Amino acid sequence: MKLLFIITKGLEKSGSAIRALQIAALTAEQGNHVEVFLLDEAVQWAKGIKAANGEGLSDYLEMLQSHERPVLVCKSCAERRLITQADLIEGAIIAPMPVLAEKIASPDYKVLTF
């Protein structure tokens with residue numbers, strides 16, 4: 001089974017977003033197939049921003065990428081915020097919404113939304 005973590009929260013709900021990233025990273029580190037898709041305000045995490053406590057996506061990226069899976073960033077969400085691929089930290093890539101829709105519809109994925 002593949003686990004897909006959809007994260008929508010940015011700095012305004014950083015505690016929830018950081019915990020979701022942490023759970024995803026720990027799950028990946030345990031050898032599970034984990035993917036992360038950032039939507040809405042969560043796309044800001046892919047720029048390398050940090051929460052007030054100093055944590056951010058980059059703190060968990062190594063564990064998330066232990067199996068060479070990039071963090072996916074919603075293309076239309078990024079465009080609305082004038083974010084380009086060049087703005088993102090290494091290991092994050094912009095992906096169109098049909099990629100997310102395909103994963104959600106697949107019986108191979110268990111979807112978790114934060």
Side-chain angles (χ1 to χ4, degrees):
M1 171 158 317
K2 301 174 183 178
L3 300 172
L4 174 62
F5 286 76
I6 299 174
I7 302 173
T8 61
K9 295 169 177 57
L11 282 175
E12 78 287 351
K13 301 258 183 177
S14 62
S16 296
I18 293 297
R19 287 315 129 234
L21 290 168
Q22 183 181 44
I23 293 166
L26 290 171
T27 304
E29 192 174 53
Q30 292 172 351
N32 296 290
H33 179 114
V34 173
E35 297 179 36
V36 173
F37 201 104
L38 303 175
L39 288 171
D40 300 327
E41 290 304 314
V43 299
Q44 300 288 348
W45 295 111
K47 288 177 56 180
I49 63 168
K50 299 276 186 177
N53 68 1
E55 290 181 288
L57 172 60
S58 56
D59 296 309
Y60 300 103
L61 204 54
E62 187 174 320
M63 289 191 304
L64 286 169
Q65 292 187 316
S66 60
H67 299 285
E68 299 181 17
R69 292 184 191 90
V71 171
L72 302 174
V73 177
C74 168
K75 182 178 186 232
S76 58
C77 302
E79 287 173 351
R80 270 188 236 119
R81 291 158 182 84
L82 304 175
I83 297 171
T84 67
Q85 183 64 49
D87 298 320
L88 304 182
I89 60 177
E90 187 175 335
I93 62 167
I94 292 177
M97 197 60 76
V99 170
L100 177 60
E102 182 180 312
K103 291 175 187 299
I104 290 172
S106 171
D108 296 332
Y109 282 90
K110 182 175 189 175
V111 179
L112 301 109
T113 306
F114 293 87

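In this chain, residues are counted from 1 in sequence order. Note that the coordinates shown come from a computational prediction; the quantities given were computed from them, not determined experimentally.
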Would you say the side chain of Leu38 lies within less than 4.5 Å of the side chain of Leu57, judging by non-hydrogen atoms? yes

Say whether, by atom type as modelled, one donor and one acceptor occur between the side chain of Glu79 and the main chain of Thr84 under 3.5 angstrom. no

Cluster link Ile89 to Val71, ILVMFWY, side chain under 4.5 Å: yes

To the nearest 0.5 Å, how far apart are CD in Glu12 and CD in Glu41? 5.5 Å

Give, for atom CD1 of Ile93 and atom CZ of Arg69, the distance between the pair rounded to the nearest 0.5 Å. 13.0 Å

Let me check something: do Ile23 and Tyr109 share a hydrophobic cluster, defined by ILVMFWY side-chain heavy atoms less than 4.5 Å apart, either directly or through other members? no

Any chance NZ of Lys13 has more than 12 other-residue heavy atoms, nucleotides or ligands included, within less than 6.0 Å? no

side-chain hydrogen bond (donor to acceptor under 3.5 Å, both in side chains), that's the test. Do Lys50 and Ser14 meet it? Break it down for me. CA-CA 9 Å; Lys50 299 276 186 177; Ser14 62; over 6 Å; no

List the atom of Ala46, the atom of Val73, and the distance in Å for their closest heavy-atom pair. CB-CG2, 3.5 Å

Atom CD of residue position Glu90 - does it have more than 12 heavy atoms of other residues, nucleotides or ligands inside 6.0 Å? no

Consider only side-chain heavy atoms of I, L, V, M, F, W and Y, link residues closer than 4.5 Å, and tell whether Phe5 and Leu88 are in one cluster. yes

Going only through I, L, V, M, F, W and Y residues with side-chain contacts under 4.5 Å, is there a path from Val34 to Leu61? yes

Pairwise distance OG(Ser76) to CG(Leu39) - rounded to 0.5 angstrom: 8.0 Å

Pairwise distance CE(Met97) to SG(Cys77) - rounded to 0.5 angstrom: 5.0 Å

Indicate yes or no: at least one non-hydrogen side-chain atom of His33 is less than 4.5 angstrom from one of Lys110. no

Let me confirm one number: the CZ-CG distance from Arg19 to Leu26, rounded to the nearest 0.5 Å. 10.0 Å

Do you reckon Tyr60 sits in the same ILVMFWY cluster as Leu4, going by side-chain contacts under 4.5 Å, direct or chained? no

Rounded to the nearest 0.5 Å, what's the gap from CD on Gln30 to CE on Met63? Could you check? 10.0 Å

Knowing that exactly one of Ile94, Ile104, Leu72 qualifies, which makes a side-chain contact (heavy atoms from CB on, under 4.5 Å) with Val99? Leu72

Between Trp45 (side chain only) and Lys9 (backbone N and O only), is there a donor and an acceptor less than 3.5 Å apart? yes

Are any of the side-chain heavy atoms of Leu11 and Gln44 separated by less than 4.5 Å? no

Look at the side chain of Thr8 and the backbone N and O of Phe114, then say whether any donor-acceptor pair between them is shorter than 3.5 Å. yes

